[in-house]
Number of protein chains: 2
Amino acid sequence: MIAITLLEKYNGIIKNYKNGDLIFEEGNQPLYYYQIISGEVKMNNYNDEGKEFIQGIFYKNQCFGEPPLFIDQVYPANAVAVTDSELIVITKDKFLELLKNNSDISLAIIKNLSQRLYYKSVMAAEISSQDPEHRVLRLIDYSIEQLNFKKEEAGFLINFTRQQIGDLTGLRVETVIRAIKSLEKKGDLKIINRKVYR
Amino acid sequence: MIAITLLEKYNGIIKNYKNGDLIFEEGNQPLYYYQIISGEVKMNNYNDEGKEFIQGIFYKNQCFGEPPLFIDQVYPANAVAVTDSELIVITKDKFLELLKNNSDISLAIIKNLSQRLYYKSVMAAEISSQDPEHRVLRLIDYSIEQLNFKKEEAGFLINFTRQQIGDLTGLRVETVIRAIKSLEKKGDLKIINRKVYR
DNA sequence: TATTTTATATGATTTAAGTCATAAAATGCA
DNA sequence: TGCATTTTATGACTTAAATCATATAAAATA
């Protein structure tokens, strides 16, 4: 998103997180702008019964957790490193200052937020009113478009576990497994030693 | 959102829609920026079986349908007038020009998108993994916060039909009706001649 | 005002996804 | 290398919400 050199000019600090580390927690006041230098971060919630819902997974060069920064609300979800990750962090004040001085960044932020809102709109409609196979396939197609899944001979390698697909679509693992099997039978995707290709 | 006088400077045109009129359709190329002068607009999708999902309801002074404008994608949902409505519309080019010349508007857009993303995040987690009563109550509480529901002696009047609540939460009317009844029994809300108060 | 349409309401039944149990690969790690 | 954990897999069963049917009240409209 934002050039690291620019972030460093605004007192950017490099922070390292181990796989599983909590970066921020639902309900906390947002204080920083976070951008991924390397690694992978998910934002998630847990419902009353402890079931996880993954809001999104973020990769290299992406930022996350800005919306509450702009609207002075607490975080609606947790951020957790899903691999060892290196982040660059600047304070809210510095971030707003950076924005003010760099109008092109504003447009980049607008585009990024728009993209995420688009994803949420599509998935909201899917999750609320489509059958499991439809939901899984839509998530896969959207992820191929947006994330950098590798294209191999068999097709795009879907780099998600069945559990992650479940947590992103609001389905249980078993349901995802059965949906994927059924989609394979219909020829919509391939399973090659347990990996999913589309 | 944006002052009407300013929109008029950028060739803003007033358009009138009757209750039920389609403003734009899922799958179409976005060409305009839309802002509500008076009336009420919903954005919705229909699933394969024709079940409606309401992405959001928008009121006076709010804009809608900008995200695809920024990211050059087709509309992910329809926009439909739910009351007779007066909108002001400017072309995409003029809108981007307006943004470039008014950096304070950029921040307003960022805040607006952030607010909507926040709503989607909260509702996504709710819809995917909470029971009907929880979903209904969260929608109601969120809507009280965000929309201008009137505070009366009995509490905030929830200005939604049961059907609308169902379409916003992905539940069927009957389920919403039963959830509301049950929430009333628990004292979480009031029903006074069929109207819901919280 | 009468009539149609929309919204709320409730009971009975169905069904799809969740839950539970169990197992075997695959992967991580000590 | 061996052991523990995670991931994928499958069958049996349960259950919560959807579906269906029907009714009545309220609102819209002719």
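We name chains A, B, ... by the order of the sequence lines, and we start the count at 1 in each one.
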Of B:Val173 and A:Val176, the one whose closest DNA chain C nucleotide lies more 5': B:Val173

Protein-nucleotide distance (A:Lys18, atom NZ; C:dC29, atom P), rounded to Å: 11 Å

Grab the NZ-P distance between B:Lys181 and C:dA7 for me, whole Å please. 17 Å

It should be established whether B:Thr161 places a side-chain nitrogen or oxygen under 4.0 Å from OP1 or OP2 of nucleotide C:dA7. no

B:Gln163 CD to C:dT8 C1': how many Å, rounded? 11 Å

When you get a sec, tell me which of C:dT8, D:dT7, D:dA18 is the closest nucleotide to the side chain of B:Arg194? C:dT8

Which label fits A:Phe149 and A:Phe160: parallel for a plane angle under 30°, tilted from 30 to 60°, or perpendicular past 60°? perpendicular

Does A:Arg178 contact D:dG11 through a side-chain donor or acceptor facing the base, at a distance under 3.5 Å? yes

Please report, rounded to the nearest Å, how far the C1' atom of C:dT14 is from the CZ atom of B:Arg172. 14 Å

Distance in angstrom units between A:Ile191 CD1 and C:dA26 P, rounded: 14 Å

Do A:Arg116 and A:Glu66 meet the salt-bridge criterion of a basic N to acidic O distance under 4.0 Å? yes

Rounded to whole Å, CD1 of A:Ile165 lies from P of D:dT8 at a distance of 8 Å

Which nucleotide in the list D:dA9, D:dA17, C:dG18 gets nearest to the side chain of B:Asp131? D:dA17

To the nearest 0.5 Å, how far apart are CD in A:Glu133 and OG1 in A:Thr175? 11.0 Å

Under 6.0 Å between ring centres: does that hold for B:Phe58 and B:Tyr34? no

Tell me: CD of A:Glu174 to C1' of D:dT15, nearest whole Å? 15 Å

Would you tell me if any nitrogen or oxygen in the side chain of A:Arg162 comes within less than 4.0 Å of OP1 or OP2 on D:dA9? yes

Over how many whole Å does the gap from B:Asn19 atom CG to D:dA28 atom C1' extend? 12 Å

For a salt bridge (charged side-chain N to carboxylate O under 4.0 Å, His left out) check, start with the C-alpha distance between B:Lys94 and B:Glu97, then their side-chain angles and the critical distance, and finish with the verdict. CA-CA 5 Å; B:Lys94 283 285 169 190; B:Glu97 193 186 319; 3.7 Å; yes

